[in-house]
Amino acid sequence: MEEVQINTSQATECNATETRRNIRIVVVGNEFEKIDELSRLMSKEDRDAFNRRYGRILDLLAIREYGLMVRLPVKEKEVVYQYKGRYVDEKKIAKLIGLLPNQLKFEKRGSILGLRRTFLEDRLKVLAEQGHWKHFKITLALTIYGLILFPFTSDMVDQAAMDVFFQFEENGANPVPAILADTFLSMMACHQKK
């Protein structure tokens, strides 16, 4: 069995392995350590409520294996995420995480618009210090969606990830089909690069 060692910053950009060869990927480092540390500021009750609402996505911070299930199974006739031709409005994201629209610091990288990981980490610290656990949990879940479940741009939660999260938060749209589609596309892109 061939072993490949990669840094986690590389893993988020091309995190799929070629399935036609036996390759074991060893992830070095943990770029999500700070987010994991911040998530531990929640009380047990808030952590349990977070897990009930968002599934066990906190486990993804510590266990970076694709096989981990988020425990949000798709049910028959359930609302699932669908892109509606445009992303969620920035004002709605600001409201969701407890900010005024002018406080939201979107950044552009090429054609991608999103929120930097450091901005969201700073927001989580402030919310924890103020004891605003409702917005803390929402912001933490949004951060995990963008950095782990839909890692399109390194160190940034892009509008596509925000859109998936917003539809889940507001309408209960199950993100699992979008996660599977994103994973499949990532695997195809990585395979084509080789």
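Since we're looking at a predicted model, the values are computed, not measured.
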Provide the closest heavy-atom pair for A161 versus G146 in the form atom of the first, atom of the second, distance.
CB-CA, 3.6 Å
On the 0 to 90° scale, with breaks at 30° and 60°, tag the Y145-F165 ring pair as parallel, tilted or perpendicular.
perpendicular
So, T153 side chain and M156 main chain: donor-acceptor pair closer than 3.5 Å or not?
no
To the nearest 0.5 Å, how far apart are CG in N51 and CG in D46?
11.0 Å
Ion pair check, R53 and E169, cut-off under 4.0 Å:
yes
Check P151 against L147 and note the closest heavy-atom contact, atom names and distance.
CB-O, 3.3 Å
On a heavy-atom basis, which atom in A128 and which in L41 lie closest, and how many Å separate them?
CB-CD1, 3.6 Å
Flag yes if L120 and V126 sit in one hydrophobic cluster, no otherwise; membership is Ile, Leu, Val, Met, Phe, Trp, Tyr, and two members link when side-chain heavy atoms are under 4.5 Å apart.
no
Does N174 form a side-chain contact (heavy atoms from CB on, under 4.5 Å) with F168? I'd like the steps, not just the answer.
CA-CA 6 Å; N174 193 316; F168 170 76; 6.0 Å; no
N171 side chain vs A173 backbone, donor-acceptor pair below 3.5 Å
no
Could you tell me which non-hydrogen atom of I97 sits nearest to which non-hydrogen atom of L104, and how far apart they are?
CD1-CD1, 3.9 Å
With a sphere of 6.0 Å drawn around CD of Q82, does it hold more than 12 non-hydrogen atoms of other residues, nucleotides or ligands?
no
Sequence-distant partners of Y81, ring pair (Phe, Tyr, Trp, His ring centres under 6.0 Å), two or more places apart
none
Decide, yes or no, whether a salt bridge links E107 with R109 under the criterion of side-chain N to carboxylate O below 4.0 Å.
yes
Check ion pair D48-K44 (N to O, under 4.0 angstrom):
yes
Point-to-point distance, once rounded to the nearest 0.5 Å, from CG of L124 to OG1 of T139:
5.5 Å
Spacing of CD1 belonging to I93 relative to CG belonging to L142, to within rounding of 0.5 Å:
6.0 Å
Hey, does the side chain of Q103 reach the backbone of L100 with a donor-acceptor pair shorter than 3.5 angstrom?
yes
Would you give the length of the straight line joining atom OG1 of T118 to atom CZ of R123, rounded to the nearest 0.5 angstrom?
14.5 Å
Which residue pairs pass the ring pair (Phe, Tyr, Trp, His ring centres under 6.0 Å) test with at least one member in residues 109-142, sequence neighbours excluded?
W133-F136
Kindly give the heavy-atom pair with the smallest separation between A160 and Y87, and that separation in Å.
CA-CE2, 3.4 Å
To the nearest 0.5 Å, what is the distance between CG (L96) and CZ (F166)?
6.5 Å
Quick one: do R117 and E121 make a salt bridge, cutoff under 4.0 Å?
yes
Take F106 and M162, measure what side-chain contact (heavy atoms from CB on, under 4.5 Å) needs, and give me the verdict at the end.
CA-CA 12 Å; F106 270 83; M162 288 182 223; 3.6 Å; yes
Indicate yes or no for a side-chain donor-acceptor contact from D163 to the backbone of V88 under 3.5 Å, with no hydrogens or angles considered.
yes
State, with a plain yes or no, whether a side-chain heavy atom of F150 is found less than 4.5 Å away from one of V157.
no
Ignoring hydrogens, what is the shortest heavy-atom contact between L140 and S39? Give both atom names and the distance.
CD2-CB, 3.5 Å
Evaluation steps, side-chain contact (heavy atoms from CB on, under 4.5 Å), between R40 and R47:
CA-CA 8 Å; R40 294 181 191 285; R47 195 173 184 86; 4.1 Å; yes
Could you check whether D155 pairs with R116 (Lys NZ or Arg NE/NH1/NH2 to Asp/Glu carboxylate O, under 4.0 Å)?
no
L113 vs D158, test: side-chain contact (heavy atoms from CB on, under 4.5 Å). Steps then yes/no.
CA-CA 6 Å; L113 195 61; D158 69 8; over 6 Å; no
